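A short worksheet on the structure shown next.
Lettering follows sequence order; numbering is per chain, from 1. None of these values were measured; they are calculated from a predicted model.
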There are 2 protein chains.
Amino acid sequence: MPTSRSTDGSRRTRRHRGSLSADDIIKGAFDVAQGMSLDKLSMPGLAQHLDVGVTSIYWYFRKKEELLNAMTDVAVEKFVRMMPPLTPDEPWQRALSEHFTAQRRIFRDDATLADLMLIRTSTYSRNATRRVFELEEGLLALLIGQGFTPENALHVYNAISVYTRGIVIHDRILRLSYTPTLGAGHGRQRRMTSWESMPILDSLIDHYPLAGTSDEDFTFGVGRLLCGFEQLLAEQDRGPAPAGG
Amino acid sequence: MPTSRSTDGSRRTRRHRGSLSADDIIKGAFDVAQGMSLDKLSMPGLAQHLDVGVTSIYWYFRKKEELLNAMTDVAVEKFVRMMPPLTPDEPWQRALSEHFTAQRRIFRDDATLADLMLIRTSTYSRNATRRVFELEEGLLALLIGQGFTPENALHVYNAISVYTRGIVIHDRILRLSYTPTLGAGHGRQRRMTSWESMPILDSLIDHYPLAGTSDEDFTFGVGRLLCGFEQLLAEQDRGPAPAGG
DNA sequence: ACCTGAACACCGTTCAAGT
DNA sequence: ACCTGAACACCGTTCAAGT
């Protein structure tokens, strides 16, 4: 009984020194994650994809978490490069709208990026943190330049940022939960059966998606936030809260 | 060399029929998840907690996922019961604010509930879906009763719902990533070192939390959304978009 | 310095029983 | 009908080597 052979019975030839690098591993990890999904990325699976022994990976990354952190760094770099640059003196409404619309599109189109940057529990490296904060700093400067106080600018940025993350993550989770599990057919249910006693939802269900993660939903949410920000700016100009007692 | 004994060498006595039930298992699973976290809930660990053989669980739940789905059902039930009932004729701003503030508090105080209902990729059971939609229906009725069109009511609900989920999930993920990993000390970094070239963030960092998930942030975000909704309602009353070409 | 298989502890799950 | 251990395939990780 042969025990630890490859499935096809072939045995790899030993790789020569320097034939593997940390970058190769990260690259391969992205390939595997793109093909399946991030949480199906396993060290043995990755090793097979790279055609190396599993333990070779551990020379470069002492924990799987280290590898994921390295991937997150690369993801942040990718993300920052894909984001459109700020147009100076652009109206803040347009700047915010474009920034977060782009952000949503990027994460929607690249699930691995979203998993690494938004869903996985990780702390960014100094460099990744810096790159992300530089983007934020740019938007804050733009907001402040057009009249927001620094505190309000920060709150504005956080609010729309959290909203965007919320819609991306919710959308991702919905997408995952409806992915046919290969076994097919035994999902818990396809459709609600009884809308009785819920006439409003019943009447809306045919024309609107329920989940609230559609383009229309996103546009609506961003629109309402921007509207609320405008009011804030107006109130800020009208009557700055009297300082001191 | 003894191989498959309990750690302490003791061997359980066989349990009698009917000494275990699906509810016992679900209850035990919540206990274990509360103690650690949901993704550290393992079948062997749960079996040990219940003092049964691992395989006994499989008589009641044929997959771990089935158990998690059952837990989600219970979670939804808990959640719905913890939510404050709607006060009829309450101003919609207050109703929305109270509803989603309560929701945020519940998920913040019970991480397992948040993990099951918000973060885990699952499809709700018919009953759970119904309970959640009943809550939504109530709020929609209130909004429509105070002037919103059904479509706008739905958009309003979705927007504030996504924002709340976003802040809960983001907060949960931040909390997880800062949990000392028991190994202690080798987190990636404690603090940003160089805020050079980011004067705005540098000046804000001392007085405001960066993450955007504080109570203040939540109040701000909800406030801006409500403000945006008010404008929408005003515009809706003022000039309903002319129908047809 | 780099690459490797054997080995270990752990997990989810199946199976063929025991009562 | 319910409970069980043995066993399997898989995973993350360590170790003691090989080159």
Problem set entry | Any donor-acceptor N or O pair under 3.5 Å, side chains A:Asp24, A:Ser21 |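 A donor-acceptor contact under 3.5 Å links the two side chains.
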For this session: Using distance alone, with no hydrogens and no angle criterion, decide if A:Thr112 and A:Asp115 have a side-chain donor and acceptor under 3.5 Å apart.
Result: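 Per modelled atom types, A:Thr112 and A:Asp115 side chains form no pair under 3.5 Å.
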Problem set entry | Basic-acidic side-chain contact under 4.0 Å: B:Glu66, B:Lys63 |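 Result for this pair is no, no salt bridge flagged.
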For this session: May I ask you to decide whether A:Arg104 forms a salt bridge with A:Asp171, counting only side-chain N to carboxylate O separations under 4.0 Å?
Result: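 Salt bridge between A:Arg104 and A:Asp171, a charged N being under 4.0 Å from a carboxylate O: no.
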What integer distance in Å separates [X]:[atom1] from [N]:[atom2]?
X: B:Asp51; N: D:dT4; atom1: CG; atom2: C1'; value: 13 Å
X: B:His16; N: D:dT4; atom1: NE2; atom2: C1'; value: 15 Å
X: A:Leu20; N: C:dT4; atom1: CG; atom2: C1'; value: 12 Å
X: A:Ile57; N: C:dG5; atom1: CD1; atom2: C1'; value: 14 Å
X: B:Asp39; N: C:dC10; atom1: CG; atom2: C1'; value: 15 Å

Problem set entry | Charged tip of B:Arg172 within 45° of B:Phe107 ring normal and under 6.0 Å |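 Judged by the rule (NZ or CZ under 6.0 Å from the ring centre, within 45° of its axis), B:Arg172 is not positioned above B:Phe107.
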Exercise. Honestly, is A:Lys78 close enough over A:Phe30, meaning NZ or CZ under 6.0 Å from the six-membered ring centre and within 45° of the axis?
Worked result: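 Yes, A:Lys78 and A:Phe30 form such a contact.
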Seminar exercise, completed: Its contact letters, B for base, S for sugar-phosphate only and - for none at protein heavy atoms under 4.0 Å, make nucleotides 11-19 of chain D read SSBBB--B-
Problem set entry | Each stem that DNA chain C is part of, given as range with range (3 or more consecutive Watson-Crick or G-U pairs, under 3.5 Å) |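 The stems that DNA chain C takes part in, listed by first number, are C:4-8 with D:12-16, C:12-16 with D:4-8.
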Exercise. Below 4.5 Å, heavy atoms only, C-beta onward: do A:Arg108 and A:Arg175 meet side chain to side chain?
Worked result: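 Yes; the side chains approach each other to less than 4.5 Å.
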Exercise. Side chain to side chain donor-acceptor pair (under 3.5 Å): which pairs involve residues 197-211 of chain B, sequence neighbours left out?
Worked result: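 Listed by first then second residue: nothing to list.
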Exercise. With a non-hydrogen cut-off below 4.0 angstrom, is A:Phe61 in contact with a base, only sugar-phosphate, or nothing?
Worked result: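 No contact at all - A:Phe61 keeps every heavy atom at 4.0 Å or more from the nucleic acid.
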